Amino acid sequence: MKTIPQLLSEIKRGDYLSLARGLTLVENDLPGSITLLQAMVMNYNVPVIGITGPPGAGKSTLVNAMIGTWSDEGKRIAVLAVDPTSPFNLGSLLGDRIRMSSHFNNPDVYIRSVATRGSVGGLAGKIIEMTDVLKSSNFDYILIETVGVGQSEIEIAGLADITMVVLVPEAGDEIQHIKSGLMEIGDVFIVNKADRDGAESFANQLRKSLHQRADTIPVFKTIADKHFGTAELLQWLNTVDIKSNERRLFLYAEKAYKLIQNKRMHDISKTELQHKLAVSHRDAGFNLYRFIEQYNYK
């Protein structure tokens, strides 16, 4: 069994087996995960690019095209593809990973599917920790593709340095509905499947809607499966300075709160709590607030 320092050294060197082990430790809260996280040295200069948008917009296909171009340039890319969890067996559907299968044997590309496991906001519960593990390796870009659940998908804006919103021409009638959600978090918008009818009109409508924002938000048209428009998009990405993301502070504060909460509650078993309540609540004069005093929480 490798020690945590050995594991971290191999992760930093770019060993994918060690990286997979580290991500598994963190994702599943296995023994050693906290020690690993506390000992990591992260490279905050690695751009974290979030790709979000409604289902069917072609996010995975766009990511696939981006990976192809960057890997041809000798760049090392990590992808966290957040897949929805099946409501029947709680397993990840892994659709995104299947669509990126052409890069599985590429030594410069690391792809990991992550199940939401009931998390809302389009991201998985351990996504911050897993992203930080990737930052402790030697990648040039980190891509995070979210589930694509619509307006609630705002967590990605706090995690990513650049948030890309992918839409399709058919979304033209929905702009007013998504304005308060996706329209506010995007640093760049991509109208994918631009060979469909109404693409130019939709892109213009989108530009007009975005014009209301104080900052200038670019809109690109792409046909990702044909690599049309992706070169212009990546050229723009190369000109963007990775600036401080003020929204990340709120996401980190929320994460820190949950971590502190979990640490203070580590000795509380919900099963044991339910058992005690099953017995105590039948007593005459049962009072929930007096009952929890036995745990002396402060």
Side-chain angles (χ1 to χ4, degrees), residues 1-5 7-8 11 17-40 80-97 112-134 136 144-156 158-159 248-298:
M1 180 67 69
K2 295 176 183 176
T3 65
I4 294 300
L7 192 63
L8 282 172
I11 289 174
L17 289 177
S18 296
L19 178 60
R21 175 60 178 163
L23 289 171
T24 298
L25 283 175
V26 167
E27 183 180 11
N28 297 286
D29 269 334
L30 298 176
S33 61
I34 296 299
T35 304
L36 177 75
L37 290 169
Q38 292 175 343
M40 287 190 312
L80 286 181
V82 185
D83 285 294
T85 301
S86 167
F88 304 106
N89 59 21
L90 302 183
S92 174
L93 300 181
L94 304 181
D96 293 330
R97 186 161 182 169
R112 173 94 173 203
S113 290
V114 190
T116 55
R117 300 185 183 183
S119 296
V120 297
L123 296 179
K126 291 290 183 178
I127 197 73
I128 294 178
E129 293 95 321
M130 296 180 76
T131 302
D132 284 342
V133 172
L134 293 174
S136 69
I144 301 175
E145 182 191 339
T146 70
V147 172
V149 291
Q151 288 191 37
S152 65
E153 222 172 293
I154 56 176
E155 285 183 1
I156 189 64
L159 179 62
R248 183 176 296 130
L249 177 61
F250 297 98
L251 184 66
Y252 275 176
E254 183 67 21
K255 189 67 180 184
Y257 182 86
K258 290 179 181 178
L259 290 170
I260 294 168
Q261 184 181 54
N262 290 340
K263 188 171 183 178
R264 292 187 175 182
M265 292 283 290
H266 76 279
D267 60 336
I268 305 297
S269 167
K270 185 176 287 188
T271 301
E272 181 183 346
L273 183 64
Q274 290 174 336
H275 177 72
K276 288 184 176 180
L277 276 169
V279 175
S280 299
H281 88 283
R282 297 190 182 94
D283 296 341
F286 168 77
N287 182 296
L288 178 63
Y289 307 98
R290 288 197 298 269
F291 170 84
I292 62 176
E293 281 299 314
Q294 64 185 290
Y295 294 96
N296 193 29
Y297 72 101
K298 292 182 181 179

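This one's a predicted model, so the numbers in the text were calculated from it and none came from an experiment.
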Which residues pass the salt bridge (Lys or Arg N to Asp or Glu O under 4.0 Å) test with D132, sequence neighbours left out?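 Checked D132 against salt bridge (Lys or Arg N to Asp or Glu O under 4.0 Å); zero matches.
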Let me confirm one number: the [atom1]-[atom2] distance from [X] to [Y], rounded to the nearest 0.5 Å.
X: I128; Y: K258; atom1: CD1; atom2: NZ; result: 8.5 Å
X: I127; Y: L134; atom1: CD1; atom2: CG; result: 8.5 Å
X: K126; Y: L37; atom1: NZ; atom2: CG; result: 8.0 Å
X: H266; Y: I268; atom1: NE2; atom2: CD1; result: 9.0 Å
X: Y252; Y: L159; atom1: OH; atom2: CG; result: 7.0 Å
X: L259; Y: R264; atom1: CG; atom2: CZ; result: 12.5 Å

Show me the donor-acceptor pairs, under 3.5 Å and distance only, between side chains in residues 273-280 and residues at least two apart or in other chains.
from, atom 1, to, atom 2, distance (Å)
K276, NZ, E272, OE2, 3.4
S280, OG, K276, O, 3.0

Please check: side-chain N/O of [X] versus main-chain N/O of [Y], any donor-acceptor pairing under 3.5 Å?
X: N28; Y: L30; result: no
X: D283; Y: F286; result: no
X: E27; Y: T24; result: no

Output all residues satisfying side-chain contact (heavy atoms from CB on, under 4.5 Å) with T3, sequence neighbours left out; order by chain, then residue number.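 Expected list: P5, Q6.
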Can E293 and R290 be counted as an ion pair, charged N to O under 4.0 angstrom?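 Result for this pair is no, no salt bridge flagged.
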Return the minimal non-hydrogen interatomic distance between G32 and I4, and the atom names on each side.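 Heavy-atom minimum between the residues: O-CD1, 3.7 Å.
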Nearest non-hydrogen partners of R112 and A20, listed with the distance: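 Distance-wise, the nearest heavy atoms are NH1-O, 3.3 Å.
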Is the closest side-chain heavy-atom distance between M40 and V133 below 4.5 Å?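 Of all side-chain heavy-atom pairs linking V133 with M40, at least one is under 4.5 Å.
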